[in-house]
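Following: one structure in structure tokens, then a few remarks.
The analysis underlying the following values was restricted to heavy atoms, covering all of them including side chains, and did not include hydrogens, waters or symmetry mates. All values derive from a computational prediction rather than experimental measurement. As the structure lists them, so they are numbered: ligands from 1, and atoms in each ligand from 1.
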Amino acid sequence: MKALQYRTIGAAPEVVTVPDPEPGPGQVLLKVTAAGVCHSDIAVMSWPAENFPYPLPLTLGHEGVGTVAALGAGVTGLSEGEAVAVYGPQGCGRCAKCAEGKENYCLRADELGIRPPGLGAPGSMAEYMLVDDARHLVPLDGLDPVAAVPLTDAGLTPYHAIKRALPRLVAGSTAVVIGTGGLGHVAIQLLRALTPARVVALDVSEDKLRLAREVGAHEAVLSDARAAGAVRELTGGVGAEAVFDFVGVEPTLATAAAVAAVEGEIAIVGIGGATLPVGFGSLPFEVSVYSPYWGSRSELAEVLALARSGAVSVHTETFSLDEAPRAYELLHEGKINGRAVILPNG
Ligand code: NAD
Ligand code: ZN
Ligand code: ZN
């Protein structure tokens, strides 16, 4: 089968032919319908050889939906042809965090060498993919596969970050979304669906700000040195009860710190690599800073349910598997509006 692989440190990913995978005991083979292109892959492909954490070659793709093609020995409860989404941040299934469905925070995944598809294990940018356990599969139940695939990360990750801040996002409050790309444009819709908060979007690109307004941001502000002042002004000096930074570089964290309200929350979701100093007096009183990773199994089911209700619609641009390297180039250049989605069997 064909697969998109990152093969050589520093080189672009390539479409190659690899052996067809066969499901072992307990595994499920999916024929991949759609695979989402995440900015995290670009970060992964920028890491130096010395501390590259995964074996190469690596089949990319940590957002995946497909149809059940074959069941390994002992797998029950799924039927061939069923359309499913893959829960990516897979854990051991047995530790205290996994028991709560928070496999993204599995206590034993590292020790057991369990890695998400596309982030260590072979991912969804291939004609077929293996899933290690049927519990990682959530039925699409009528959702369009292309529109649904980004929900497994670009939807789930902001959903998890926003859920924690919900008690702060009461009527009259303000939520700031920094970076309105794949994750950010879904975050705006989730905030509108789940809270009465005023949503202020920040980005460096006019195209992205246009999309932000289109999907429900009340205000869209250019992300520059004046952005924090503009947000303060919009909030009558109070600031934002919740700030979601989907970039995580020095200037965006500075903005996040400058716009947070007393007792506000700052979620650092973007893996831009910068840090935010936290200490008495460095932030308004009682601001909480957290750096969430992906989301739980039950939250994925919730995000899909929300999409079924019509509250969230992801903007997508589709590419064939052969065009996938180009999709990464365009994402790197900031030229994807919404989420790029690869159709490995399209
Ligand atoms: P994306 O490229 O689709 O979106 C990033 C957006 O940020 C773009 O619209 C870009 O114009 C904007 N941007 C860049 N610099 C900016 C600045 N200085 N101010 C404001 N906006 C700016 O990327 P994505 O796939 O949505 O991912 C967003 C980030 O989240 C990435 O860092 C990615 O690695 C990370 N991520 C983290 C998790 C997690 O679990 N923590 C999960 C998925 C992705
Ligand atoms: Zn991702
Ligand atoms: Zn676990």
Side-chain angles (χ1 to χ4, degrees), residues 35-46 60-64 88-112 114 116-119 123-124 149-150 152-161 176-188 201-212 220-225 227-228 244-256 267-274 290-297 314-317 327-328 330-340:
V37 181
C38 180
H39 211 117
S40 296
D41 294 336
I42 291 175
V44 166
M45 291 187 279
S46 76
L60 293 168
H62 56 269
E63 292 182 343
Q90 303 164 7
C92 72
R94 305 181 72 179
C95 72
K97 295 292 174 198
C98 284
E100 284 187 85
K102 297 176 180 168
E103 299 208 18
N104 51 323
Y105 296 147
C106 176
L107 303 172
R108 299 195 61 210
D110 275 349
E111 168 200 340
L112 297 171
I114 301 170
L119 295 167
S124 57
V149 72
T152 61
D153 176 15
L156 177 55
T157 302
Y159 184 80
H160 175 73
V176 170
V177 172
I178 306 178
T180 66
L183 273 67
H185 93 289
V186 182
I188 292 165
L202 269 59
D203 204 292
V204 287
S205 141
E206 284 298 342
D207 284 346
K208 306 295 173 77
L209 291 177
R210 205 171 306 120
L211 177 63
V221 176
L222 199 63
S223 179
D224 59 17
F244 304 95
D245 185 346
F246 295 105
V247 188
V249 296
E250 213 61 71
T252 59
L253 288 180
T255 299
I268 305 175
V269 183
I271 60 173
Y290 59 113
S291 49
Y293 170 64
W294 227 327
S296 70
R297 284 176 61 197
V314 184
H315 284 238
T316 56
E317 291 181 38
Y328 277 101
L330 290 170
L331 182 65
H332 189 55
E333 291 163 11
K335 290 184 184 149
I336 297 289
N337 235 356
R339 198 66 151 178

Derivation of the side-chain hydrogen bond (donor to acceptor under 3.5 Å, both in side chains) call for Thr252 and Asp245: CA-CA 7 Å; Thr252 59; Asp245 185 346; 2.8 Å; yes
Heavy-atom neighbours of His315 NE2 exceed 12 at 6.0 Å: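 More than 12 within 6.0 Å, yes.
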Counting only heavy atoms not in Lys102, do more than 12 sit closer than 6.0 Å to its NZ atom? no
Option passing side chain to side chain contact (heavy atoms under 4.5 Å, CB included) with Lys208 (candidates Asn337, Leu202, Ile336): Asn337
Among Cys106, Pro117, Pro116, find the one that has a side chain to side chain contact (heavy atoms under 4.5 Å, CB included) with Gln90.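 Looking at Cys106, Pro117, Pro116, the match for Gln90 under the side chain to side chain contact (heavy atoms under 4.5 Å, CB included) is Pro117.
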Anything under 30° is parallel, anything over 60° is perpendicular, the rest tilted; go ahead and classify His160 against Tyr105. perpendicular
Non-hydrogen atoms of Leu112 and Cys92 that approach each other most closely: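 The pair with the smallest heavy-atom distance is CD1-CB, 3.7 Å.
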If you look at every heavy atom in Ala212 and Ile188, which pair is closest and at what distance?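 For Ala212 versus Ile188, the nearest heavy atoms are CB-CD1, 3.6 Å.
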In terms of side-chain geometry, is the basic nitrogen of Arg339 or Glu317 positioned less than 4.0 Å from the acidic oxygen of its partner? no
For Lys97, is there an ion pair with Glu103 - N to carboxylate O distance below 4.0 angstrom?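 Looking at Lys97 together with Glu103, the answer is no, because their closest N to O distance does not fall below 4.0 Å.
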Heavy-atom contacts with ligand 1 below 4.0 Å: which residues, ordered by chain and residue number?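 Correct list: Cys38, His39, Ser40, Asp153, Thr157, Ile178, Gly179, Thr180, Gly181, Gly182, Leu183, Leu202, Asp203, Val204, Lys208, Ser223, Phe246, Val247, Thr252, Val269, Gly270, Ile271, Pro292, Tyr293, Trp294, Leu331, Arg339.
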Excluding waters, which are neither shown nor counted, protein N/O/S atoms under 2.8 Å from the Zn ion (ligand 2) come to 3
Angle at the Zn ion (ligand 3), SG of Cys106 to SG of Cys95, rounded to 10 degrees, please.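 Answer comes to 110°, rounded to 10°.
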